[in-house]
Each structure stands twice: as C-alpha cells, then as structure tokens.
Amino acid sequence: MEQTNTQSIVSLTLGILSIMVPGLGILLGIGGIITANISMKQISVTEEGGKGLAISGMICSIVGIIVQGFSILIWIFFFGLAFLGA
C-alpha cells in the first residue's frame, strides 16, 4: 500500500477551510497553495500517493481566495453605501 503525502492532506484541508472560514480564508488559501506546491514536488521525488489530494487542495484554495476576495469587495461596497448615506 502506497503512503499518502502528508502535505497534500494539509493542502486539501487548508483549501476547504479557505472556502468556509470568513476573513481568514485568504490566508488559509495562500497556505493551501504553498503546501500544494510543496507536496507536488515531494510526490514527484518520492513517488508517494496523494497527487489528487494536492491538486484538489490547489483548486479549493484558489476558489477560496476568489470567494473571500469577492466577499470583501461586497462588504466594502455596502459599507461605502451606508457611510455615504445613499
């Protein structure tokens, strides 16, 4: 049985959390992308399992960063409208 790379599990976990945790999602997404890149390099050298997990972590992290970025822009827009009295 092939051993799964630990960094790929961490990247998937951070990617999922980046979608779900408001505010810190951008930082978690950046961490997910970094750990996914590290795990992909480790997997290519050591031939461990977990490449799919690393790719999924990368995708979830990117989606999380985009979702969190849009939510921050929406908050800025609505608070801007509230303070301008529109």
Side-chain angles (χ1 to χ4, degrees):
M1 184 169 163
E2 194 173 76
Q3 181 153 354
T4 304
N5 186 288
T6 306
Q7 294 289 330
S8 62
I9 297 170
V10 171
S11 72
L12 181 59
T13 304
L14 289 175
I16 292 170
L17 287 174
S18 73
I19 296 171
M20 298 175 64
V21 176
L24 292 176
I26 291 178
L27 296 175
L28 293 170
I30 292 170
I33 290 172
I34 291 170
T35 54
N37 283 330
I38 292 170
S39 68
M40 294 291 274
K41 290 177 186 175
Q42 288 177 352
I43 289 170
S44 66
V45 172
T46 61
E47 297 183 9
E48 292 177 312
K51 186 173 182 179
L53 294 174
I55 293 171
S56 299
M58 177 79 73
I59 292 170
C60 287
S61 296
I62 292 170
V63 169
I65 289 172
I66 292 170
V67 167
Q68 296 298 325
F70 277 131
S71 68
I72 289 171
L73 289 176
I74 289 171
W75 275 97
I76 290 171
F77 176 74
F78 282 120
F79 277 119
L81 285 178
F83 287 124
L84 291 176

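Reckoned from all heavy atoms, side chains included, excluding hydrogens, waters and symmetry mates. It should be emphasised that the depicted structure is a prediction, and the values quoted were computed from it without experimental measurement.
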Engineer: Group every Ile, Leu, Val, Met, Phe, Trp and Tyr by side-chain heavy-atom contacts under 4.5 Å, then state whether Ile74 and Leu81 land in the same group.
Structural biologist: yes
Engineer: Nearest 0.5 angstrom please: Leu53 CG to Thr13 OG1, how far?
Structural biologist: 9.0 Å
Engineer: To the closest 0.5 Å, what do you measure between CD1 (Ile34) and CD (Gln7)?
Structural biologist: 11.0 Å
Engineer: To the nearest 0.5 Å, tell me how far Leu14 CG sits from Ile9 CD1.
Structural biologist: 12.0 Å
Engineer: Between Met20 and Leu24, is there a shared hydrophobic cluster once you connect ILVMFWY residues whose side-chain heavy atoms come closer than 4.5 Å?
Structural biologist: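 No.
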Engineer: Write down the atom of Ser8, the atom of Ser11, and the distance for their closest heavy-atom approach.
Structural biologist: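 Looking at all heavy atoms of both residues, the shortest contact is O-OG, 2.8 Å.
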Engineer: Restricting to non-hydrogen atoms, name the atom on Cys60 and the atom on Ile16 that form the minimum distance, rounded to 0.1 Å.
Structural biologist: CB-N, 4.0 Å
Engineer: Test of understanding: clusters of I, L, V, M, F, W, Y form through side-chain heavy atoms closer than 4.5 Å, transitively. Do Val67 and Ile72 belong to the same one?
Structural biologist: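 Different clusters.
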Engineer: Let me know which of Ile33, Ile26, Leu28 forms a side chain to side chain contact (heavy atoms under 4.5 Å, CB included) with Ile30.
Structural biologist: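 Looking at Ile33, Ile26, Leu28, the match for Ile30 under the side chain to side chain contact (heavy atoms under 4.5 Å, CB included) is Ile26.
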Engineer: Could you state whether Ile76 and Ile66 fall into the same hydrophobic cluster, counting links through intermediate Ile, Leu, Val, Met, Phe, Trp or Tyr residues with side-chain heavy atoms under 4.5 angstrom apart?
Structural biologist: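 As far as the 4.5 Å side-chain criterion goes, Ile66 and Ile76 are connected within one cluster.
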Engineer: How long is the gap from CE on Met58 to OG on Ser61, to the nearest 0.5 Å?
Structural biologist: 7.5 Å
Engineer: Is there a continuous path of hydrophobic side-chain contacts, each under 4.5 Å between heavy atoms, that joins Ile62 to Phe70?
Structural biologist: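 Yes, because Ile62 and Phe70 connect within a single hydrophobic cluster, where side-chain heavy atoms sit under 4.5 Å apart.
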Engineer: Could you tell me whether the side chain of Ile55 reaches within less than 4.5 Å of the side chain of Met40, counting heavy atoms only?
Structural biologist: yes
Engineer: At what distance, to the nearest 0.5 angstrom, does OG1 of Thr46 lie from CG of Asn5?
Structural biologist: 6.0 Å
Engineer: Please check this pair: side chain of Gln68 against backbone of Ser18, looking for a donor-acceptor N/O pair closer than 3.5 Å.
Structural biologist: yes
Engineer: Side-chain contact, heavy-atom cut-off 4.5 Å: Thr4 with Glu48?
Structural biologist: no
